[in-house]
Amino acid sequence: MFYYKVAVATPYLQFLTYKSINDIPDGTIVKVEVKKRTVLGIIYSKTTDFDPLDIKEILDIYDNIRLTNYYLTFLEKLSNYYTYPIGTTLHKISPIRFIDLDIKKVKEPNLSYHTVSLNDEQQSIYEEIAKKLDKFYTYLIYGVTGSGKTEIYCKLINDVLDRDGQVIYILPEITLTTQLFHRLQIRLKKEVAVYHSKITEKKRQDILVRFNSGALSVIIGARSALFVPGKNIKLIIVDEEHDPSFKQEDTPHYNARDMAVLYGKILNIPVVLGSATPSIESYYNASTNKYKLLRLNQKFHPNTETSIDIIDMKNEEVIDDFLSKKLYDGIYERLNRGEQTLLLINKKGYSSYIICRYCGTILQCNNCSVSMTYYKSDKVARCHYCGTYQHKFRCGKCGGEDFFTVGTGSEKVFELMDQLFPGEILRLDQDVVTSTRRVESILSEFGEKRKKILVGTQIISKGLNYPDITLIGVINIDNLFTLPDFRVEERSVQMLTQFLGRGGRFEKPCQMIIQTYNPDNPVFNVVKTGQLDRFYNDIIEKRKAMGYPPFVHLVKILIDGQRIDKVMDISNKISESLKHTLSKEDKLLGPAIAPISKIKNRHRMQIILKVKTVSNIAKYRKMVDDIFYKYKHGNTKFIFDVDPYNFM
DNA sequence: AGCACGCCGACT
DNA sequence: GTCGGCGTGCTC
Ligand SMILES: [Zn+2]
Ligand SMILES: [Zn+2]
């Protein structure tokens, strides 16, 4: 009889011990029983260290997939870093939880590809990375939009393919993967597969098996693609590495960009990060030579320059309260020339506030401490946090039933634009994005110039690549600056610079118009002058002085529950005991009521830790677990988020 | 997570 | 007297 240390795909569980008469290799996927349920698990190793009682048999062995030791180490280190048990990690993120016994082969496509030629700058970056393809190093390619990062990636991928290596290439959003697929497949020697959470079950199974056997060599996808177990992975690419979408907001709260670097280290292979607007963390790592900084300064079409106008909406002639005459004229002009316009607004729905005409009270969600958003087409008020909606509005304070709305969302912008320029408008935001096919059809309608104006939220600031966009308009993003987040300036600059990059990609000159009520906000000047390096260095100095990342690790502990007194009580208990054991170099902030104090009738408090030494994080986690267990009440819960991105 | 155990209200 | 509600505990 053999005994095995097994990771099971069940939340909260550490490794368990199972037995079998078979000699099973490490990395095998097995079926085991946990509390009368059968679940999948991974054989980590044989073991002799166990309690001989109550050890169950391994029920089944799956031999169509074998995980490498690198992969096992990766999952284990990820779990340790984010302080979640291996069972939680498996259950939440490893695709082995989907594995099916009987898998049919999908037919392989016929491929033809053409080589790309690189300019001198691209060539030297390519050579720098290509000469050390067989060891771990993190590269940061910092290249303006349209400087041709993708061509460098393609040449590197082809080099890896020549040596029978595999490549994982991740992007922050599913929408971007389809667009990239078409660009990549024509340049690569082998088949490219798209992997993310929305692909069909059949495709998923096929990719899992073929990438694992080595029959498939290139995967592009969103976060989750990083966890497709390979056979001989030799290169990881993280494009748009600055993007906060790489952070998974759900347990175990990992950041796929950081995990890509960890995985590369374990595999001893190069990791290539790319961005036109690197994250402060990566930029800093490059400045200390932890990463190798590689700059691309030349645009592929060097004659294009985008002019930027900041419009002060307080003193400007307007067509409507959110549309200046200048922006209107700009759109009109473009339309006459048959050119295209992008319009960015960072709110969904029609308007963000519904206000009582009698007493001025803002309509709030009954379950959450947020205001309801008005959707005109459906004539409802909706809460973005719990999804509930109200058809009939009644003021909670005076009982009044007469309301007016304030604030501008994408639906309202669409409505006005459609009146001004009938039949020329498309809208793209989270409410419209119900499926990847829907997004594709909107984008192709725009790409084929059947409509010339695209109104949307943040999604339209990423990745769009169309030659006839000559006007980039920002309707309003002012509310971004008020977020309680130490990254606001960084994120605003990144977002605006990325949005700016949607235009001037080919020969035609482009103009950006930014409407704002805060024209003096330094962020606009940074975008206008394009002096990112100076801005980055200023931010780094500030972070250093204030003790924020990349100089410390933040940990967010959010406690929530239905009874506010219990939530406060437990928060205080946790905070007190942490304070007692906190190492001298570390700090605790809070506990404080979270900026959104209630969601789905659960009151929320948070504690922020600033931690210097990574190994201390696990100690603090253990302490939180202990205290919470001791004082927990009813449905009160907590989340422990290492390197948080969301402070709401 | 999800299943078992256990202790209170309402129903044959 | 027992059926089932879901609050708490535990998983090799
Ligand atoms: Zn709500
Ligand atoms: Zn009222």
**Message:** Measuring from the side chain of Val34(A) (C-beta onward, heavy atoms only), which nucleotide among dA1(B), dA4(B), dC12(C) has the closest atom?
**Reply:**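 Of the options given, the side chain of Val34(A) lies nearest dC12(C).
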Q: Measure from the side-chain heavy atoms of Arg37(A) and tell me the nearest of dG2(B), dC12(C), dC10(C).
A: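 So the side chain of Arg37(A) is nearest to dG2(B).
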Practice task
Determine yes or no for a side-chain-to-main-chain donor-acceptor pair under 3.5 angstrom, with Thr68(A) supplying the side chain and Tyr71(A) the backbone.
Solution key: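 Side chain of Thr68(A) to backbone of Tyr71(A): a pair is present.
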Could you tell me how far apart [X] ([atom1]) and [N] ([atom2]) are, to the nearest whole angstrom?
X         : N       : atom1 : atom2 : result
Ile42(A)  : dC12(C) : CD1   : C1'   : 16 Å
Lys92(A)  : dA1(B)  : NZ    : P     : 5 Å
Lys35(A)  : dG9(C)  : NZ    : C1'   : 7 Å
Leu13(A)  : dG2(B)  : CG    : C1'   : 11 Å
Glu33(A)  : dC10(C) : CD    : P     : 19 Å
Ile93(A)  : dA1(B)  : CD1   : C1'   : 16 Å
His91(A)  : dC10(C) : NE2   : P     : 20 Å
Lys566(A) : dG7(C)  : NZ    : C1'   : 15 Å

Does dT11(C) have its OP1 or OP2 closer than 4.0 Å to a side-chain nitrogen or oxygen of Tyr12(A)?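 So the side-chain polar atoms of Tyr12(A) never come under 4.0 Å of the phosphate oxygens OP1 or OP2 of dT11(C).
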May I ask you to verify if any side-chain N or O of Lys56(A) is less than 4.0 angstrom from the OP1 or OP2 atom of dC12(C)?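 True: Lys56(A) side-chain N/O within range (under 4.0 Å) of dC12(C) OP1/OP2.
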**Asked** Hey, mind stepping through Phe628(A) and Phe638(A) against ring pair (Phe, Tyr, Trp, His ring centres under 6.0 Å) and telling me if it holds?
**Response** CA-CA 8 Å; Phe628(A) 186 82; Phe638(A) 77 93; 4.9 Å; yes
Notebook entry, point to check: Taking Phe227(A) as the fixed residue, which of Tyr254(A), Tyr263(A), Phe211(A) is the one that meets the ring-ring contact (aromatic ring centres under 6.0 Å, His included) rule?
Noted result: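 With Phe227(A) as partner, Tyr254(A), Tyr263(A), Phe211(A) yield a single ring-ring contact (aromatic ring centres under 6.0 Å, His included), made by Tyr254(A).
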Heavy-atom nearest nucleotide on DNA chain B for Thr10(A) versus Lys36(A): which residue maps closer to 5'?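 Here Thr10(A) is the residue nearer the 5' end.
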Requested in this report: Report the residue from Arg210(A), Lys202(A), Lys203(A) that forms a side-chain hydrogen bond (donor to acceptor under 3.5 Å, both in side chains) with Asp206(A).
Outcome: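 The single option meeting the side-chain hydrogen bond (donor to acceptor under 3.5 Å, both in side chains) with Asp206(A) is Arg210(A).
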